[in-house]
Each structure stands twice: as structure tokens, then as C-alpha cells.
Amino acid sequence: MNIAVLGTGYVGLVTAAGLSEFGHTVVGADKVAAKIEAIRQGRVPIYEPGLDALLESNVRKGTLSFSPDLAASVRAADVIFVCVGTPQGDDGSADMSQIEEVSRLIAENLNGYKVVVEKSTVPVKTSVRIKRTISLYNKTGAEFDVASNPEFLREGAAVSDFLEPDRIIVGVESDRARDLLVRIYERFKDRVLVTNIATAELIKHASNSFLSMKISYINLMANLCEQTEADVEQVAKGMGFDPRIGPRFLRAGIGFGGSCFPKDIRALIKIGDDLGVDMSLLKETERINQGRIRVFLDKLKTALWILKDKRIGVLGLAFKPETDDVRAAPSIRIIQALLDEGAAVRLHDPKAAENMKEFFPEDGVRTVYCDSPYKAAEGANAVLVCTEWKEYADLDLGRLRGLMANPILVDGRNVFDPAAVAARGFEYFSIGRR
Ligand code: NAD
């Protein structure tokens with residue numbers, strides 16, 4: 001099967017590499033020519049474990065290529081996977097301009113029957129818009145189908161998620177499109193759920209918002225724990241034994257971030273509001289999440305009172321471990337608040353520092369990037385943990401303490417064992433436990 005993947009970001013690159021690994025001939029195309037050129041030269045523009053090797057082996061096999069020529073890529077394809085961005089728009093809804101742009105491009109290059117697959121996360125009923133747009137600009141009258149195949153990969157584990165998915169959702173409205181998509185995912189036929197298109201579209205938003213809700217729920221419990229003798233880690237563990245609840249996504253902390261959960265929950269709220277459906281459950285989920293930064297900074301202020309002219313080490317910039325992605329990372333709001341209050345920050349992340357420099361350029365005085373967590377701690381009045389990278393859990397706490405001006409550790413991800421940190425002489429603040 002000849003497949004074109006439009007958009008070679010986090011999802012598109014993994015999709016292109018994964019589909020070629022399944023035996024299809026795939027071209028990945030992007031409108032940013034420099035990105036395609038970098039990929040062609042073996043410089044993968046994102047950090048994702050295992051992606052470099054998967055790309056390289058499929059390019060070498062000759063089943064995977066990359067092109068800046070979107071039109072030619074569309075013309076050569078039987079199936080087109082749309083993986084462009086759907087960022088948050090001004091009113092909370094998803095900004096669909098990239099989807100509209102590729103829909104027009106596909107229409108103008110429709111030289112025979114093709115299936116256009118929404119892989120990007122889109123509002124329910126987007127397929128109707130895509131169909132209308134393609135029909136509007138389709139000069140040849142060639143037939144096409146639109147289908148939905150939402151992507152569930154997690155950044156940091158994207159390659160294994162794509163190669164070993166827990167489910168594949170295929171939303172279609174014709175047998176022809178269904179047969180093609182089921183063939184593409186032949187090897188996973190026991191895990192394919194075929195639905196109508198609106199259902200497939202909604203499954204993605206419903207899943208992300210449900211996971212967001214779990215996170216906000218445990219964070220609400222963390223607030224209660226902090227006012228009682230309860231320990232949120234134990235509460236989550238005890239809840240997680242129940243198979244109806246499960247242990248995952250019950251980590252209390254500074255809230256969810258990233259390029260998906262915050263924007264997807266807002267988009268779903270907007271969809272419901274527009275349709276007259278009461279979305280207050282998700283509005284509370286979002287409100288609780290927004291409040292996490294204040295809860296965290298209040299702990300720092302309990303320790304230091306005034307932040308002006310204080311030096312704060314920040315460990316972890318990415319929105320979660322094993323990625324370089326800082327889009328909507330909680331650390332952004334935290335660093336901004338520190339700078340606004342007159343503090344100086346010393347920032348460290350194993351992979352995401354370069355991306356963060358776009359938000360907070362290095363000035364060598366108030367904003368300093370450090371190549372090790374120990375450097376970030378040098379002379380610090382407090383160190384904050386914003387991302388639970390494994391290397392932070394393995395830090396030599398005695399060494400860290402020796403470098404700091406005040407031994408204050410504010411841990412937004414419950415990386416450390418309170419007793420172990422206290423034994424090293426730290427004043428330790430964490431989430432939902434004493
Ligand atoms: P991204 O910003 O990393 O990638 C989008 C790519 O599309 C960019 O390379 C951009 O240059 C390209 N692009 C934009 N307009 C284009 C056009 N007109 N023609 C061709 N290329 C174009 O975004 P992402 O993180 O890969 O997310 C893509 C979609 O997948 C979003 O809808 C997102 O919500 C969804 N999604 C993301 C994840 C994730 O973990 N990142 C997981 C599941 C679903």
C-alpha cells in the first residue's frame with residue numbers, strides 16, 4: 001500500500017516510521033522544507049526513544065522516504081494520513097486551519113480514489129468539514145473517502161505504543177475505506193474497533209479528557225491529604241488495587257501539561273458548550289489543573305516567604321520525562337511566576353533545555369541553563385522538581401545539599417522519599433503527604 005503521511009511532527013514521524021515497519025511504502029511530507037531536509041540527513045528534529053533507529057532502518061530498507069513536495073506525495077498515495085497540528089484556538093476550540101489547508105491540497109491533487117485518514121486529534125464531525133472542503137476544491141471529480149484513525153501514542157513511549165498498540169480505532173462510512181484501513185493494520189486485527197466516523201473522533205477526545213479527570217481527581221485528594229494525616233501516594237496505591245479504577249494516572253503533582261491534554265479538554269468543553277451539553281465535570285477538571293501551579297508555588301513561599309532576589313534551581317522542564325516537548329509544560333508557568341516575582345532561575349532538563357530557550361532565552365543572570373542538576377543547585381535558595389526524570393530520583397542528595405545556599409527541596413512530582421530527604425538535612429515539601 002502506498003501511504004502519504006502529511007505533517008512530520010511527533011505523531012507524523014512515528015506514524016510514517018511505524019507504517020513502513022508494518023510493510024507499507026510510506027512517504028512523510030511536511031510544509032517545513034528544512035525539517036524534511038534535516039530528517040533526510042538523519043537529524044531527527046525531536047527526541048523520542050527508539051525513533052532514530054526505526055527511521056534509519058526503514059529508510060535503509062527503501063520503504064520509507066521524506067519529501068517537501070506535498071502535492072506529489074498526495075498524488076502517489078492510496079491512503080493519506082493527516083498528522084498536522086490542531087493547536088488550541090483563541091476561544092478554547094481547536095484551530096483547524098492546518099487541517100483545512102491540507103484538505104485543499106489533497107483536493108487539488110486528487111488523481112484517483114484515495115482514503116483521507118484523520119490521525120490528528122479533531123473535534124467530532126470534523127470529517128464532514130474535510131469532505132466538504134475536498135469536494136469544493138476537487139477539480140477531477142475523483143472519488144475519495146474520509147476516515148478517522150485517532151492516535152493514542154504517548155510521547156516518551158511513542159514508538160512502542162505505535163508498534164504495539166492497545167487498540168486501533170477505525171471510523172469509516174464505506175466498506176471500501178474500512179477494507180483499506182483494516183488491511184493496513186492487518187497484524188492487529190484482534191485489536192481493531194470499527195465504528196462510524198463521529199464515534200472514532202469522539203473516542204480520542206473522550207479518552208484524553210477521562211485521563212485528565214483522573215489526574216485532577218488525585219490532585220484534589222492530594223489537597224485533602226495535605227490538611228489531614230493521609231498520604232496521597234498510599235491513597236492512590238490503595239485505590240489502584242481496585243481493577244475498576246487501576247493504578248495508572250493517579251500520580252499527584254503539579255498537574256497535566258503537554259500538547260494534548262490541556263488543549264483537548266478545552267476543545268471538548270467547547271464542543272459540548274456549543275452543542276448545549278453541560279460540561280461542568282470537565283470544566284472542574286481543568287480548573288483543578290490550573291490551580292496546581294498556585295498550590296506548588298505556595299509551598300515555595302511557605303519556605304522562602306519572598307522570592308525577589310532569590311536563586312531557584314528548577315529540575316525538569318519537559319511536560320513529562322523521556323521527551324523534549326515543553327508545549328504547555330507546567331514548568332513554563334512556574335518559571336514565569338518566579339521571574340515575575342524577581343527571582344533568578346537556574347534551569348536543567350536532560351533533553352528539553354533547547355526547546356525551553358524559545359520561551360525563556362538565556363541571559364546568564366536571571367535565566368541560566370545548566371548542564372547538570374548539581375549546577376542548577378549551586379547557590380540556590382531552593383530547588384524545585386517539575387518533571388520526574390529518573391536521573392533526579394538517583395541524585396546524590398548529600399552532594400546536592402552541599403551546593404545549595406538553603407537546603408530546601410520543593411518536589412512537584414513526589415520523586416523523593418520524604419524520610420530519605422529529611423535524613424540528608426533537607427527541608428522537604430512534596431505533594432499530598434507530610
Ligand atoms: P507537531 O506540531 O509536532 O507536528 C505537526 C506537523 O505538521 C509539523 O511538522 C508542521 O510543520 C506540519 N504541518 C503544519 N501544517 C502543515 C501543512 N499544511 N502541510 C504539511 N505539514 C504541515 O504536532 P504533533 O504533536 O505531531 O500533533 C499532531 C496531531 O496529533 C495533533 O492533532 C495532536 O493533538 C495529535 N496527537 C498528538 C500526540 C502527541 O503526543 N504529540 C498524540 C496523539 C495525537
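Order of appearance sets the numbers: ligands from 1, and atoms from 1 within every ligand. If you're wondering where the values come from, they're calculated on a predicted model, not measured in any experiment.
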Got an N/O contact under 3.5 Å between [X] and ligand 1?
| X | value |
| --- | --- |
| Lys119 | no |
| Ala29 | no |
| Glu151 | no |

Are Arg60 and Glu56 within salt-bridge range, i.e. N to O under 4.0 Å?
yes

Tell me whether Glu118 is salt-bridged to Lys204, with the criterion being a basic N under 4.0 Å from an acidic carboxylate O.
no

Within ligand 1, which atoms have a heavy atom of [X] less than 4.0 Å away?
| X | result |
| --- | --- |
| Thr86 | 31 (C), 32 (O), 34 (O) |
| Lys35 | 8 (C), 9 (O) |
| Ser259 | 41 (N) |
| Cys83 | 5 (C), 28 (C) |
| Gly85 | 5 (C) |

For [atom], find the nearest protein heavy atom and state the residue, atom name and distance (0.1 Å precision).
| atom | result |
| --- | --- |
| atom 26 (O) of ligand 1 | Val11 N, 2.8 Å |
| atom 16 (C) of ligand 1 | Val84 CG1, 3.6 Å |
| atom 44 (C) of ligand 1 | Thr121 OG1, 3.5 Å |

If we count only N and O atoms by modelled type, under 3.5 Å, do the side chains of [X] and [Y] hold a donor and an acceptor together?
| X | Y | value |
| --- | --- | --- |
| Tyr428 | Asp417 | no |
| Asp95 | Ser93 | no |
| Tyr369 | Asp349 | no |

Which distance, rounded to the nearest 0.5 Å, do you find between the CD of Glu322 and the CD of Glu48?
8.5 Å

Does the plane of the ring in Phe261 sit parallel, tilted or perpendicular to the ring in Phe249? Use 30° and 60° as the thresholds.
tilted

Do Arg413 and Ile254 have side chains that approach each other closer than 4.5 Å (heavy atoms only, starting at C-beta)?
yes

Looking at Val102, Thr15, Leu105, the heavy atom closest to atom 19 (N) of ligand 1 belongs to Val102

Judged by atom type as modelled, is there a donor-acceptor pair below 3.5 Å linking the side chain of Asp78 to the main-chain atoms of Met1?
no

What part of [X], side chain, backbone, both or neither, has a heavy atom within less than 4.0 angstrom of ligand 1?
| X | value |
| --- | --- |
| Cys260 | side chain |
| Arg327 | side chain |
| Lys263 | side chain |
| Lys31 | both |
| Leu6 | neither |
| Leu70 | side chain |

Who passes side chain to side chain donor-acceptor pair (under 3.5 Å) against Thr199, sequence neighbours left out?
Asn196

